[in-house]
Amino acid sequence: MASGIKDRVAILGMGCARFGERWSDDAETLMVEAFDEALADAGIDVSQIDAAWLSVGFDAQNIGPSGIPLAMALRLPNIGVTKVENYCASGTDGFRGAVYAVASGACDIALAMGVEKLKDTGYGGLPVRTRGTTYDMVNVTGSAPGFFAQLAGAYRAKHGVGYDDLKRAMAHVSVKSHQNGAKNPKAHLRKQITEEQALNAPMIAAPLGLFDCCGVSDGAACAIVTTPEIARALGKTNLVLVKALQISTSNGWELQGGGWDGSYFHTTRIAAQKAYAEAGISDPRRQLSLTEVHDCFSVTELVTMEDLGLSAEGQAWKDVLDGTFDAEGEIPCQIDGGLKCFGHPIGASGLRMIYENYLQLLGRAGERQRQDPPSLALSHNLGGMPNQNVSAVAIVGLEKA
Amino acid sequence: MVGIIAAGAYVPRLRLQRQAIADAHAWFAPGLKGLAKGERAIASWDEDAITMSVEAARDCLTGVDRARVARVVLASTSHPNADRQNAGIAKEALNLADEVAAMDVGGSQRAATSALLDALYAARGGAGDVLCLAAEKRPAQPASELELTTGDAAAAFLVGEGAVAAEFLGGHSISIDFVDHFRASDSAFDYNWEARWVREEGYAKIAPKAVNGALAKTGLSAADVDRFLMGAPMKGVNEAVAKASGIAPEKVADPLQAQLGDAGTAAPLVLLAHALETAKAGEILVVAGFGQGCDVLVFRATGEPAVRGLGVLGWLARRKSDANYVKYLTLAGHLNVERGMRAEFDQKTALTALNRSRKAVMALVGGRCTRTGTIQFPRSPISVAQNDRAQNTQEDYPLAERRARIVTYTADSLTYSPDPPCWYGAIEFEEGGRMTVEFVDVEAGYVEVGAPMRMMFRIKAQDERRGFTKYFWKAVPDYLAGENAKLAAE
């Protein structure tokens with residue numbers, strides 16, 4: 001049995017570009033913006049970075065299929081750069097590459113950068129793309145909201161939840177995230193909305209209305225990681241350590257097999273259980289201080305609360321309506337606004353979540369800082385569709401947590 | 001005895017109200033109001049002569065062993081492909097053996113009767129059972145009379161030797177290049193000559209010769225005819241031909257103009273399939289197809305059932321009235337609407353991959369693990385069954401005739417669809433196996449977790465850049481109930 005990643009890697013510095021419609025910027029300037037912040041935070045020189053990982057979700061609209069754009073943008077000293085593309089979970093997967101490199105001892109300091117320049121498509125939402133020659137012949141070329149919307153009907157059927165009840169709970173998820181995003185200067189969407197606005201918005205993919213869908217943004221986020229020993233040697237005293245890092249990938253059972261009812265994420269349940277075991281967490285709802293989850297759609301966040309064991313099965317919609325996951329609630333979710341309002345530059349999102357958890361743990365989150373001092377924070381980064389996906393769970397925490 | 005073993009039909013679900021067509025054109029072509037009665041069947045954007053003929057064939061082959069089929073012939077004047085065998089695509093969709101012969105027939109409004117006549121002669125000559133398909137999605141120019149009078153539909157017949165439902169007594173053909181209308185290969189629409197001349201010099205003079213020729217060959221007289229089956233693209237031409245042939249007016253079959261429209265070359269075969277739903281033993285049926293001459297076929301009903309599926313009646317009953325003329329124009333491709341950038345997605349098909357996955361894509365053949373019994377779509381070297389690492393243990397498992405139920409669903413208004421919103425979701429087949437698939441011919445109230453569905457062969461997407469049609473299977477509400485469902489699954 002592997003001993004796991006717990007406490008073997010420290011975050012030396014992080015940075016995040018302002019997310020949004022960055023009409024004047026391209027991937028290169030966004031990466032530099034995130035990197036400058038991370039490098040200053042780490043207090044090192046670029047020459048000390050041994051290897052780098054670059055996460056991007058949509059290479060066709062973006063920077064192409066290699067690590068070269070990162071090396072060029074940052075003028076890295078000819079170190080190895082690995083391009084990571086794993087749908088919307090690319091950010092956490094790139095982080096995993098850097099963390100594993102350090103943990104293995106092969107590198108002292110490694111960099112993970114996620115970037116996405118999505119607002120060059122000419123239309124809203126994610127770009128339409130192929131999923132492979134054979135897949136395209138026998139599967140549906142739907143939209144992301146179309147695939148995630150299917151969670152809702154399946155969840156209602158399984159748990160006997162009325163349409164209006166679930167719709168209202170979904171609205172609450174988004175209202176909460178808009179409240180949080182309004183306090184975040186780097187967030188894409190910074191306006192509060194009302195439940196009525198969410199409920200009455202135009203339908204995108206039934207039952208998901210406009211406000212049930214996250215923003216599609218330009219942005220970049222970056223992490224520099226090292227060993228706890230090197231971090232201390234570099235003068236860091238208050239360390240944020242990686243407690244768990246798990247990725248679970250669908251093997252086709254949900255899509256082709258029998259038994260999955262479409263109301264939850266099979267992979268998230270597996271990744272969460274492994275991550276809790278790795279981090280030594282037995283009661284996540286009590287032990288975790290806060291979470292950043294992959295709220296690409298309101299309903300995704302809602303069912304993910306159950307998949308992460310933060311709500312009992314069939315009860316998340318009630319917990320949501322009770323305010324359990326609000327900023328002032330028992331266990332806040334998306335205290336930075338989440339994908340919904342911080343925005344969703346695909347390759348950067350997983351790193352953005354870790355960035356927020358890092359800031360919260362260090363008490364550096366400004367106006368949105370959780371007052372009850374956090375010690376253990378989870379991020380959940382999902383790529384793909386409910387029926388076929390990559391689910392990544394990262395837990396970071398303070399040294400003693 | 002050679003004749004018709006089984007018959008089937010297909011009529012698309014949407015029925016455009018003729019009043020809506022006439023109203024839309026009233027400012028420009030007020031004369032059309034004389035045709036503004038009843039409704040016509042319209043194929044959706046994802047239906048063409050091939051998909052409709054496949055559905056008619058499935059209807060025809062309900063409860064029939066498909067291994068009987070030795071040849072498949074598809075007649076149409078609206079073949080989607082000029083040089084890719086249309087009948088061959090139907091053969092694939094029906095999952096017929098590769099040893100089955102296939103042939104397209106076209107070029108005239110009597111293509112279907114010629115094809116049926118040839119199929120009967122072939123069967124008589126020992127060619128084996130022939131699946132004769134006829135389908136029409138006639139391109140009709142907006143504001144033309146044809147736009148109101150035509151209707152999209154398909155018919156299918158299995159002809160051969162043995163216990164037939166209708167014995168083929170004989171046929172007669174006349175060929176004259178009488179050009180009442182024409183459409184060149186590269187033209188979008190027909191060009192028509194004066195209707196009075198067409199009726200009096202064409203139908204009334206040519207068709208009766210063919211009818212009388214056929215009756216003479218079979219030793220019958222006009223008085224023996226119980227049903228005269230002929231399409232009526234112009235009101236009353238069928239009655240005029242009957243009269244000139246000596247057939248009593250009450251023997252003329254209703255051409256289904258009120259509820260379907262004239263299905264072009266498929267019309268006489270649709271009428272024949274309809275007649276066989278009720279024909280009693282001994283009835284004499286005379287079928288005529290007119291177009292640059294005339295074919296006439298004479299049958300005697302045996303009393304054996306020919307229609308085991310829905311038939312024309314069943315398909316006509318599965319209807320959705322529509323009064324949205326602009327929607328029709330859009331679905332038919334006559335209105336170049338702004339479709340948005342999502343429609344720019346390149347739909348190129350890798351022909352190598354299509355060939356490799358031919359059975360999965362065209363016939364919806366999945367796999368069944370011979371060790372665990374797990375059914376899945378598509379097949380894979382390692383089964384989707386958990387905890388079983390068996391490799392290459394799957395055998396072909398056709399799913400097209402299996403019933404299914406909805407597991408998840410959505411109505412997607414964001415993704416591009418020619419007929420938004422795009423409904424889709426996961427379905428699970430009753431015997432096992434699941435897939436994520438588009439839903440068509442659905443209403444919001446029907447789609448729920450657990451709702452029963454069946455599969456239908458439709459157009460998945462058009463690669464407009466290269467002129468290639470992508471076909472695949474979609475799920476539709478399972479309107480086949482009880483016995484029909486059981487028979488279809490056999």
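We name chains A, B, ... by the order of the sequence lines, and we start the count at 1 in each one. This is a predicted model, so every value here is computed, not measured.
Heavy atoms closer than 4.5 Å to chain A are found nowhere in B/Glu344, neither backbone nor side chain. For a residue to count as touching a neighbouring chain, one of its non-hydrogen atoms must lie under 4.5 Å from one of that chain's; by this rule B/Val361 touches chain A with backbone and side chain alike. For B/Glu438, the parts lying near chain A are the backbone and the side chain together; criterion is any non-hydrogen pair under 4.5 Å. Residue B/Ile382 does not touch chain A at all, counting heavy-atom pairs closer than 4.5 Å. In this structure, chain B has heavy atoms under 4.5 Å from both the backbone and the side chain of A/Phe147. Neither the backbone nor the side chain of A/Ser263 comes within contact range of chain B, judged by heavy atoms closer than 4.5 Å. For A/Leu210, no part sits under 4.5 Å from any heavy atom of chain B, backbone or side chain. If you measure heavy-atom distances from A/Ala157 to chain B, the contacts under 4.5 Å come from the side chain alone. Interface remark: A/Met137 contributes backbone and side-chain atoms alike to the contact with chain B (heavy atom separation under 4.5 Å).
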Exercise. Might you work through the side chain to side chain contact (heavy atoms under 4.5 Å, CB included) test for B/Val407 and A/Trp260, ending with a clear yes or no?
Key: CA-CA 9 Å; B/Val407 180; A/Trp260 182 63; 5.9 Å; no
Exercise. Just do the side chain to side chain contact (heavy atoms under 4.5 Å, CB included) check on A/Tyr123 and B/Arg342 with the steps written out, would you?
Key: CA-CA 8 Å; A/Tyr123 56 92; B/Arg342 287 180 181 274; 3.5 Å; yes
Exercise. Walk me through it: do B/Arg434 and A/Glu254 pass the test salt bridge (Lys or Arg N to Asp or Glu O under 4.0 Å)?
Key: CA-CA 9 Å; B/Arg434 66 164 59 181; A/Glu254 303 97 305; over 6 Å; no
Quiz prompt | Evaluation steps, side chain to side chain contact (heavy atoms under 4.5 Å, CB included), between B/Phe472 and A/Val138 | solution = CA-CA 7 Å; B/Phe472 189 53; A/Val138 294; 3.6 Å; yes
Quiz item: What's the verdict on side chain to side chain donor-acceptor pair (under 3.5 Å) for A/Asn139 and B/Thr436, showing C-alpha distance, side-chain angles and the deciding distance?
Solution: CA-CA 6 Å; A/Asn139 279 282; B/Thr436 297; 5.1 Å; no
Exercise. Could you check A/Ile204 against B/Ser413 for side chain to side chain contact (heavy atoms under 4.5 Å, CB included), going step by step and ending with a plain yes or no?
Key: CA-CA 5 Å; A/Ile204 303 298; B/Ser413 302; 5.8 Å; no
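Taking every heavy atom of both residues into account, A/Gly252 and B/Val384 meet most closely at O-CG2, 3.6 Å. Heavy atoms only, all atoms of each residue included: A/Gln256 and B/Gln376 are closest at O-CB, 4.3 Å. The two residues B/Val449 and A/Gly153 have their closest heavy-atom pair at CG2-O, 3.7 Å.
Between B/Lys460 and the options A/Asp136, A/Thr141, A/Val140, a side chain to side chain contact (heavy atoms under 4.5 Å, CB included) holds for only A/Thr141.
The line from CG of B/Leu354 to OG1 of A/Thr133 is 11.5 Å long, rounded to the nearest 0.5 Å. For the atom pair OH of B/Tyr424 and CD of A/Gln150, the computed distance is 6.0 Å after rounding to the nearest 0.5 Å. Distance OG1/B/Thr410 to CE/A/Met203: 9.0 Å, rounded to 0.5 Å.
With chain B as the partner, the residue from A/Ala154, A/Ala149, A/Gly257 showing the most heavy-atom pairs under 4.5 Å is A/Gly257.
B/Asp412 contributes no side-chain N or O that, together with a main-chain N or O of A/Gly142, makes up a donor-acceptor pair within less than 3.5 Å.
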